[in-house]
Amino acid sequence: MSAAVGVVLAAGMGTRVGADGNKAYLPLAGRSMVSWSVAAVAAAPSIDRTVLVFRRGERDVAERTIAEELPGTAVEFVEGGDSRHGSESNALRYLSGDIEAGAVDVVAVHDAARPLAGADLVDAAVTVARRHGGAVPALAAPDVLRVDPSGTAEYLAPQLPDGAGVVRVQTPQAFRALPLLQAYRAAERTGFEGTDTSSCVERFTELDIRTFPGAEHNLKVTFPADLDIADRLLRARVRSVPRGR
């Protein structure tokens, strides 16, 4: 049986959120942001292996954080690159032998800065990717305007899934592993840097990338106010879990 690998990207900075360093280690509801994201990926029944991509020079803090906050969770560690795209490339390079051997058939990529994603969202991404080739969680964006050169604006009418309208995309994004690896090798040869995983796959492969419903609570922590919102939502989630679990 081929395996699905979940990759959590935690090699960025925290400039906009106001962090003095890597925002992935900011505390939320009693533990670091990154541990919430890793826990969601590792808990998904569809995920067989979990990889954490850490920022250069932070291997010790990454390993210590996971050991202390997620004891018993099997996590593999890969050093990140200078950009999101570079970090994804490093993760795929690390997995390349298993991908080419057929031992890994799907790779799901998730942002550490989305700590509220649930295991169900990860499973949905893997299922859609196995069925169609690629999977991107998305939400309708009803407040989007299109403005023409004269300044005239009109509302766009988004539709989900697979509609022609405008949507807001999230992570985890999942793709069949071999075409994904080949896309990033092609990107390296041409100097292409994608804004997210799907942009690279779309440019260099013929995979059928499908959207599926994302989650309203799956916010990305970008600004200081996002930290407060994520902290409150995670604390409410912890309170709702019955004691003993």
Side-chain angles (χ1 to χ4, degrees), residues 1-9 37 40-51 53 84-85 87-89 91-92 95 98-100 102-144 146 155-187 192-220:
M1 286 289 293
S2 294
V5 177
V7 175
V8 179
L9 302 175
S37 300
V41 171
S46 62
I47 294 296
D48 302 284
R49 295 166 59 186
T50 303
V51 174
V53 181
R84 177 198 175 89
H85 183 93
S87 292
E88 292 170 327
S89 293
L92 290 167
L95 295 167
D98 289 332
I99 291 173
E100 291 173 322
V104 172
D105 70 328
V106 169
V107 175
V109 181
H110 185 51
D111 293 333
R114 291 188 183 273
L116 285 148
D120 56 339
L121 202 63
V122 180
D123 283 337
V126 171
T127 297
V128 174
R130 280 199 168 122
R131 184 175 300 148
H132 298 287
V136 177
L139 292 175
D143 53 352
V144 173
R146 177 167 53 204
Y155 276 101
L156 300 178
Q159 303 171 34
L160 267 178
D162 302 323
V166 175
V167 296
R168 292 181 286 129
V169 300
Q170 303 178 330
T171 67
Q173 299 179 5
F175 305 89
R176 290 179 187 159
L178 187 56
L180 178 63
L181 175 62
Q182 292 168 341
Y184 275 76
R185 285 175 171 169
F192 175 81
E193 284 250 341
T195 54
D196 66 356
T197 322
S198 61
S199 63
C200 186
V201 173
E202 183 178 10
R203 185 179 181 95
F204 293 106
T205 79
E206 298 299 323
L207 279 183
D208 182 11
I209 303 173
R210 299 291 184 95
T211 60
F212 66 95
E216 288 286 355
H217 62 265
N218 184 26
L219 64 86
K220 185 175 183 180

Rounded at 0.5 Å granularity, tell me how far CD in E216 sits from CG in L139.
5.0 Å
Rounded to the nearest 0.5 Å, what separation is found between the OG1 atom of T127 and the NE2 atom of H132?
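Answer rounded to 0.5 Å: 10.0 Å.
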Indicate the atoms forming the closest heavy-atom contact of [X] with [Y], along with that distance.
| X | Y | value |
| --- | --- | --- |
| A129 | A135 | N-CB, 3.8 Å |
| V167 | A140 | CG1-CA, 4.5 Å |
| A174 | A125 | CB-O, 3.5 Å |
| S2 | D48 | O-OD2, 4.4 Å |
| P137 | Q173 | CD-CG, 4.2 Å |
| C200 | A183 | SG-O, 3.7 Å |

Tell me, please, which residues at least two apart from [X] pass side chain to side chain donor-acceptor pair (under 3.5 Å).
| X | value |
| --- | --- |
| N218 | Q170 |
| E193 | S83 |
| R185 | E100 |
| S89 | none |

Can you list everything that forms a side chain to side chain contact (heavy atoms under 4.5 Å, CB included) with A103? Sequence neighbours excluded, please.
D98
Report yes if some heavy atom in the side chain of L180 is under 4.5 Å from a heavy atom in the side chain of V201; otherwise report no.
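Yes, their side chains come closer than 4.5 Å.
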Donor-acceptor contact present, side-chain R168 to main-chain A138, <3.5 Å:
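Not a single qualifying donor-acceptor pair exists.
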For R84 and D111: C-alpha separation, side-chain torsions, deciding distance, then whether side-chain contact (heavy atoms from CB on, under 4.5 Å) applies.
CA-CA 10 Å; R84 177 198 175 89; D111 293 333; 2.4 Å; yes
Applying the side-chain contact (heavy atoms from CB on, under 4.5 Å) test to T205, which of L207, I209, D208 qualifies?
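When side-chain contact (heavy atoms from CB on, under 4.5 Å) is applied between T205 and each of L207, I209, D208, only L207 qualifies.
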Tell me, with the steps shown, if T197 and Y184 meet side-chain contact (heavy atoms from CB on, under 4.5 Å).
CA-CA 9 Å; T197 322; Y184 275 76; 3.6 Å; yes
Applying side-chain contact (heavy atoms from CB on, under 4.5 Å) to L121 and H110, what does each step give before you reach the verdict?
CA-CA 11 Å; L121 202 63; H110 185 51; over 6 Å; no
Could you list the residues that satisfy salt bridge (charged side-chain N to carboxylate O under 4.0 Å, His left out) with D123, not counting sequence neighbours?
none
Might you work through the side-chain contact (heavy atoms from CB on, under 4.5 Å) test for V104 and R49, ending with a clear yes or no?
CA-CA 9 Å; V104 172; R49 295 166 59 186; 3.8 Å; yes
When the ring planes of F192 and F204 are compared, do they come out parallel, tilted or perpendicular, using 30° and 60° as the limits?
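Ring orientation of F192 relative to F204: perpendicular.
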